[in-house]
There are 2 protein chains.
Amino acid sequence: MEATEKKVARLATPGLRPGGRSARVQASVHAAVQALLAEHDRAELSVPQVAALAGVTPSTIYRRWGDLNELLADVAVERLRPETEPADTGGLRSDLESWLEQYREEMSSEPGRAMLRDVLASLGSAIGAAQCCAFSRQQLAVIAARAKTRGDVVPDLDAMVEVCLAPILYGILFDATIMDEGFVRRLVDRLLTPAP
Amino acid sequence: MEATEKKVARLATPGLRPGGRSARVQASVHAAVQALLAEHDRAELSVPQVAALAGVTPSTIYRRWGDLNELLADVAVERLRPETEPADTGGLRSDLESWLEQYREEMSSEPGRAMLRDVLASLGSAIGAAQCCAFSRQQLAVIAARAKTRGDVVPDLDAMVEVCLAPILYGILFDATIMDEGFVRRLVDRLLTPAP
DNA sequence: TGCGCAAAAGCAATTTTTTTGCGTTAGCGC
DNA sequence: GCGCTAACGCAAAAAAATTGCTTTTGCGCA
């Protein structure tokens with residue numbers, strides 16, 4: 001199979017003009033994947049099927065994305081990109097609780113979990129996962145920056161990720177039982193309660 | 001494809017006598033996967049290939065595991081099962097640091113990361129992931145129990161998972177850059193430093 | 001604006017993988 | 001020992017993936 005260099009398919013949006021054919025193909029393939037994912041189960045999803053709905057030939061998809069996993073990961077990363085800034089609720093603690101709770105809820109859903117798995121499963125895992133964790137990090141950075149302008153003492157960004165984000169993802173991916181009612185609130189407490 | 005019930009393949013060790021044919025098949029297939037995984041890249045790994053090395057027909061594998069992902073997940077869970085108890089280094093803090101550091105190291109390796117991804121990628125993700133997180137939890141429980149017999153104050157098991165284990169897995173799966181030199185020590189500090 | 005180059009897509013033949021029906025084997029209870 | 005049935009092997013058929021070659025088309029440049 002000599003897979004090594006073949007698998008390094010171009011991920012995410014390539015540097016193409018928005019009117020170009022490649023861009024059109026990419027858009028229509030992405031749309032097709034999302035459409036199929038919305039109604040059918042992911043187990044019954046094949047490259048030829050996507051190709052047919054997208055109006056391209058399967059070989060186009062194979063050449064461009066390598067395989068179904070890469071394509072799904074590519075689509076997932078797109079959908080993981082945040083569309084709005086975290087809501088401003090007036091304080092660091094509530095900003096955090098609100099954003100984390102929303103994140104937890106979205107990612108706990110079956111579509112959310114599927115996207116996370118797709119991102120992690122791809123061979124270009126490193127790229128995709130890094131990308132999608134950069135998104136969350138950036139959202140947290142916005143919250144932190146806002147708090148700083150208010151004059152609050154703001155924890156380190158790494159601490160925010162380690163103390164609050166990581167346990168949520170652990171809960172989603174490995175063990176949902178740890179996420180009881182006050183889970184997110186407890187995490188934020190742990191972050192904001194200063195160690196003596 | 002009517003995948004819904006087909007995909008619910010039997011996972012993990014079925015209730016079979018160790019001398020039975022199924023058990024022999026399972027063992028030889030597992031061994032074949034590990035052997036192939038050890039030398040070839042996972043991209044160039046196919047069911048027929050595994051079947052050939054294991055001395056079974058591909059259809060046996062398809063019927064029993066469903067597809068390559070499920071098989072890989074099954075094998076990964078087996079390999080994730082801890083073989084020894086956590087080392088007794090004389091104190092809770094050092095026990096934790098030692099075990100977590102070893103865990104981090106093992107799972108950060110390419111084989112380790114691949115196993116985690118395999119477990120998460122399978123459709124029976126819930127089962128596999130829960131299983132493998134139960135392993136870690138149990139190891140931590142052993143450490144906690146030992147500390148209790150010493151009369152130490154022992155943190156909640158959930159806290160140990162959230163504060164120490166989750167960030168390590170986050171680092172492995174999403175963002176290795178957070179895991180600098182004193183990473184594990186810092187996590188254990190965070191766990192054992194009592195909040196006032 | 002038009003020309004040519006190269007990247008990307010289409011097409012079709014080939015190969016490989018996956019699925020499935022049916023006969024056979026072998027483990028397990030009686 | 002004697003069936004009964006779950007699990008396996010075999011082989012044919014279907015589906016998916018790969019690949020060589022042709023065609024299209026976007027882009028840079030004169």
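Everything numeric here is computed off the predicted structure, so don't read it as measured data. Each chain gets a letter, A, B and so on, in the order the sequences are listed, and its residues count up from 1.
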Picking from C:dA9, D:dT18, D:dC8, the nucleotide nearest the side-chain atoms of A:Arg64 would be C:dA9
Choose from C:dG27, C:dT17, D:dC8 the nucleotide whose nearest atom is closest to any side-chain atom of B:Pro48.
-> C:dT17
Closest listed nucleotide, where the reference is the side chain of B:Val56 and the choices are D:dG9, C:dA12, C:dA9 | D:dG9
Quick note, A:Ser59 side chain, CB onward, closest among D:dA16, C:dC11, C:dA26 is C:dC11
Say you draw a straight line from CD of A:Gln131 to CG of B:Asp175; how long is it, rounded to the nearest 0.5 Å?
-> 12.0 Å
List for me each residue that meets salt bridge (charged side-chain N to carboxylate O under 4.0 Å, His left out) alongside B:Arg93, sequence neighbours excluded, and say none if there are none.
-> B:Asp189
Separation of D:dA15 C1' from B:Asp67 CG (nearest whole Å) | 15 Å
Take the protein atom CD1 of B:Ile61 and the nucleotide atom P of C:dT20, then report the distance between them rounded to whole Å.
-> 17 Å
Out of D:dG26, D:dT19, D:dC10, which nucleotide sits closest to the side chain of B:Arg63?
-> D:dC10
Earlier contact from the 5' end, DNA chain D, for A:Pro58 and B:Gly55 = B:Gly55
Selected nucleotide, minimal atom distance to B:Ser22 side chain, candidates D:dA7, C:dT20, C:dA9 | D:dA7
With the side chain defined as heavy atoms from C-beta on, A:Ser46 is closest, among C:dT20, D:dA16, C:dT17, to D:dA16
When hydrophobic residues are tied together by side-chain contacts of less than 4.5 Å, even through go-betweens, does A:Val154 share a cluster with A:Trp99?
-> no
Can you tell me if the side-chain N/O atoms of A:Arg24 get under 4.0 Å from OP1 or OP2 in D:dG26?
-> yes
Provide, to the nearest angstrom, the distance between the CD atom belonging to B:Glu44 and the P atom belonging to C:dT17.
-> 12 Å
Closest nucleotide among C:dT20, C:dG10, D:dA7 to the A:Thr60 side chain | C:dG10
CG on B:Leu71 to CD on B:Gln26, rounded to 0.5 Å | 9.5 Å
Between CG of B:Asn69 and P of C:dT17 the distance, given in whole Å, is 15 Å
A:Ile172 side, atom CD1; A:Arg104 side, atom CZ - distance, nearest 0.5 Å | 7.5 Å
